[in-house]
Peer 1: 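Have a look at the structure that comes next, please.
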Amino acid sequence: MTCQGKQAEKALEALMHTFTALMQEDKEVKTVQKEEAFYEGGFIEGDIISDGIAVAPAYRYKETMVQKDSGLTFQEAVNKSLDELETLYTSQQRNSDSGIYLAQKELLSSLQTKTHTFQDFKMLIEQSFSELSGTKLEAKISDYKDLLQRVEKHLGLEIEAHFPDKPFILLADDLLPSQIEQLTRTPVAGVILKETSVNSHVAILLRGAGIPSLIADTSLLTEETNIIVDAYSGMVVISPTQADLGKAQNRLEKDARQKALASEKRFDSAQTKKGKRIKVLANVTDVNSARNSKEEGAQGIGLLRTEFLFKEEKPSFAMQVKAYEKIFAHFDDITVRTLDVGGDKALPYIRLPKENNPFLGIRGIRLFQSHPEIMEEQLHAIFTAAKSKPLKVMFPMVSSVAEFQEAKAFAKATAKKYQVDISQIHFGIMVEVPSVLFSLDAFNEVVDFYSIGTNDLGQYLFAIERTHPTLKVDETSSVLFDAIDTIIKKAVKPVSICGELASNKQAIPKLLALGIETLSVSPKSIAQTKEEIRNV
Ligand code: PEP
Ligand code: MG
């Protein structure tokens with residue numbers, strides 16, 4: 001990107017923010033491995049967006065355009081859309097997909113500065129379609145379409161999508177991110193899209209909603225016929241036999257039983273068949289997700305990603321204390337991570353220098369050097385809210401013992417400055433930079449605990465950026481497990497895992513075999529993770 005003119009630098013910076021926010025949501029894309037399956041009837045194959053199984057009549061997407069008089073000008077319609085996206089973002093904070101609305105809001109704000117009439121706006125959006133088409137960012141076209149539709153709605157032109165009131169499998173070329181919310185309020189059993197990608201926002205939302213979904217060519221499918229979407233094997237059975245339907249129905253019932261069983265036992269401890277107890281903690285981001293994780297059966301918080309409390313505006317000291325107090329009230333076992341900004345996580349008011357490789361730049365613990373005042377305020381707020389709770393404070397992105405010691409000394413100095421007693425607070429590190437693996441003897445002398453961040457550890461071990469649109473770290477690689485093995489063998493302080501691998505069905509038995517006793521997972525994975533442990 002190049003910008004020219006008086007405010008070129010500012011414009012470039014704003015664009016970088018927009019792109020960072022747009023790319024952010026792609027980071028937790030999981031590659032679903034296909035299972036073997038055999039069906040007697042004809043089938044087509046597709047890519048898995050969200051696993052599961054569905055049996056229902058096919059229904060092709062239908063919409064009508066309705067023209068109403070909204071009485072709003074173009075600018076008013078854009079402002080209303082911005083407000084709406086802000087509300088969607090803040091009201092869905094406990095949902096990890098809420099950032100999509102923030103990304104769309106940033107995109108709309110930047111489009112607003114370039115256009116003054118609806119015609120210009122529409123032209124700019126249509127121009128973006130052709131520019132993005134065929135590129136790695138093609139999946140973002142639906143975000144542009146969504147914005148156009150949102151503004152049109154406020155100008156009085158509304159698209160009304162129609163869905164059946166009995167279970168159905170939706171066939172569509174693509175959907176808009178905003179339509180998934182509407183879809184979750186229908187009896188939809190499965191979705192087959194023709195033109196999206198597994199990285200698109202629509203795909204992320206479908207996964208979040210737990211709707212079995214595939215990408216496949218829907219042109220061969222006939223409406224109203226009963227079909228099977230097997231989003232475990234990536235197959236759509238277009239002419240299922242009675243035996244096929246029976247098989248799918250059995251799997252459906254087995255899934256439902258497993259889910260209900262896991263949910264029923266979510267408050268029970270997780271014990272392996274040999275009787276070893278494993279602690280299952282939650283990765284939380286805010287007050288709502290802390291409450292939610294308690295309800296899902298978490299035994300504590302293994303990772304509080306505090307950067308999500310900070311959002312677009314920096315919360316005041318008082319607001320931070322209040323938020324931490326509310327979160328800490330839910331559990332006794334709590335690990336708070338200090339701000340992990342940088343890399344793919346941007347905050348508008350933390351200005352970081354333009355870096356060629358932000359993932360290798362100012363991130364995590366390095367903020368103690370670049371933004372000491374923000375770190376001091378955060379630590380002061382955490383210590384104040386902790387009162388006498390034996391809290392664990394964890395530093396992210398630590399690469400050397402000196403870095404840890406400086407941050408810990410800074411924390412102690414902060415406590416002294418504000419006269420807070422922190423004798424009950426433990427200090428530890430995320431193990432996510434490979435250099436730590438080679439300095440564990442020295443770390444053992446100074447840290448109180450370790451938590452392995454497999455998302456970043458994988459990224460840095462394989463030199464594959466975690467947000468990369470086409471390259472993916474192979475989570476099943478023995479290298480990752482060997483790294484974890486090394487950490488467990490060398491560490492003389494407690495070790496837990498808080499990366500995505502902790503809730504990976506195939507990984508859990510291996511992690512337990514290596515000696516891991518604490519897993520920290522997203523709130524919605526708690527019940528299932530406990531159940532996987534019980535099967536080991
Ligand atoms: C990790 O890197 O594995 C981790 C848990 O932290 P985050 O995903 O927030 O970087
Ligand atoms: Mg990390």
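As a basis for the values below, the full set of heavy atoms in this structure was taken, side chains included, without hydrogen atoms, waters or symmetry mates. One-based numbering, in listed order, for ligands and for the atoms of each.
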Peer 1: Under 4.0 Å from ligand 1, counting heavy atoms only, is it the side chain of Asn283, its backbone, both or neither?
Peer 2: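 Neither; nothing of Asn283 gets under 4.0 Å from ligand 1.
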
Peer 1: Inspect the surroundings of CZ in Arg277 and state if more than 12 heavy atoms from other residues, nucleotides or ligands are less than 6.0 Å away.
Peer 2: no

Peer 1: Side chains of Gln459 and Asp456: donor-acceptor distance under 3.5 Å anywhere?
Peer 2: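 Side chains of Gln459 and Asp456: pair found under 3.5 Å.
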
Peer 1: Pick from Thr196, Leu214, Val202: which one makes a side-chain contact (heavy atoms from CB on, under 4.5 Å) with Ile49?
Peer 2: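 Result for side-chain contact (heavy atoms from CB on, under 4.5 Å) with Ile49: Thr196.
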
Peer 1: Quick one: which ligand 1 atoms are inside 4.0 Å of a heavy atom on Glu432?
Peer 2: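 Those atoms are 1 (C), 2 (O).
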
Peer 1: Closer than 4.0 Å to some heavy atom of Gly499 - which atoms of ligand 1 meet that?
Peer 2: 3 (O), 5 (C)

Peer 1: As an exercise, identify every atom of ligand 1 less than 4.0 angstrom from a heavy atom of Gly453.
Peer 2: 1 (C), 2 (O), 3 (O)

Peer 1: Quick one: closest heavy-atom pair of Pro396 and Met430, and the distance?
Peer 2: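 Looks like CA-CG, 3.7 Å.
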
Peer 1: Counting only nitrogen or oxygen atoms and a 3.5 angstrom limit, does Arg337 reach ligand 1?
Peer 2: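 Yes; the residue has a nitrogen or oxygen that sits under 3.5 Å from a nitrogen or oxygen of the ligand.
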
Peer 1: Please list, in number order, the atoms of ligand 1 under 4.0 Å from a heavy atom of Cys498.
Peer 2: 5 (C)

Peer 1: I need the single residue from Leu281, Ile327, Asn283 that forms a side-chain contact (heavy atoms from CB on, under 4.5 Å) with Ile301. Which is it?
Peer 2: Ile327

Peer 1: Counting C-beta onward and ignoring hydrogens, is there a side-chain heavy-atom pair between Met394 and Leu303 closer than 4.5 Å?
Peer 2: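 Touching, per the 4.5 Å side-chain cut-off.
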
Peer 1: Please tell me whether Asn444 and Tyr450 have a donor and an acceptor in their side chains that are separated by less than 3.5 angstrom.
Peer 2: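 Tyr450 and Asn444 do have a side-chain donor-acceptor pair below 3.5 Å.
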
Peer 1: Run the numbers for me: atoms of ligand 1, each under 4.0 Å from some heavy atom of Asp340, listed by number.
Peer 2: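 Those of ligand 1 that fall under 4.0 Å from Asp340 are 10 (O).
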
Peer 1: Which protein N, O or S atoms does the Mg ion (ligand 2) have within a distance shorter than 2.8 Å?
Peer 2: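 Checking every protein N, O and S atom gives Glu432 OE1, Asp456 OD2.
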
Peer 1: Check for me whether the distance between the ring centres of Phe449 and His426 falls short of 6.0 Å.
Peer 2: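 No - the distance between ring centres of Phe449 and His426 does not fall below the 6.0 Å cut-off.
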
Peer 1: For Leu303, counting its heavy atoms only, list the atoms of ligand 1 lying under 4.0 Å from any of them.
Peer 2: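 It comes down to these atoms of ligand 1: 5 (C).
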
Peer 1: Yes or no: does Gln459 have any heavy atom under 4.0 Å from an atom of ligand 1?
Peer 2: no

Peer 1: With a 4.5 Å limit on heavy-atom distance, are the side chains of Glu84 and Gln104 in contact?
Peer 2: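 Glu84 vs Gln104: side chains apart.
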
Peer 1: Judged by modelled atom types alone, do Asp286 and Ser289 share a side-chain donor-acceptor pair under 3.5 Å?
Peer 2: yes

Peer 1: Given Glu475 and Gln506, is the side-chain hydrogen bond (donor to acceptor under 3.5 Å, both in side chains) satisfied, shown in steps?
Peer 2: CA-CA 10 Å; Glu475 282 203 337; Gln506 280 89 29; over 6 Å; no

Peer 1: Mark the output for Glu500 as yes if a heavy-atom distance to ligand 1 is under 4.0 Å, and as no if none is.
Peer 2: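 Contact absent.
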
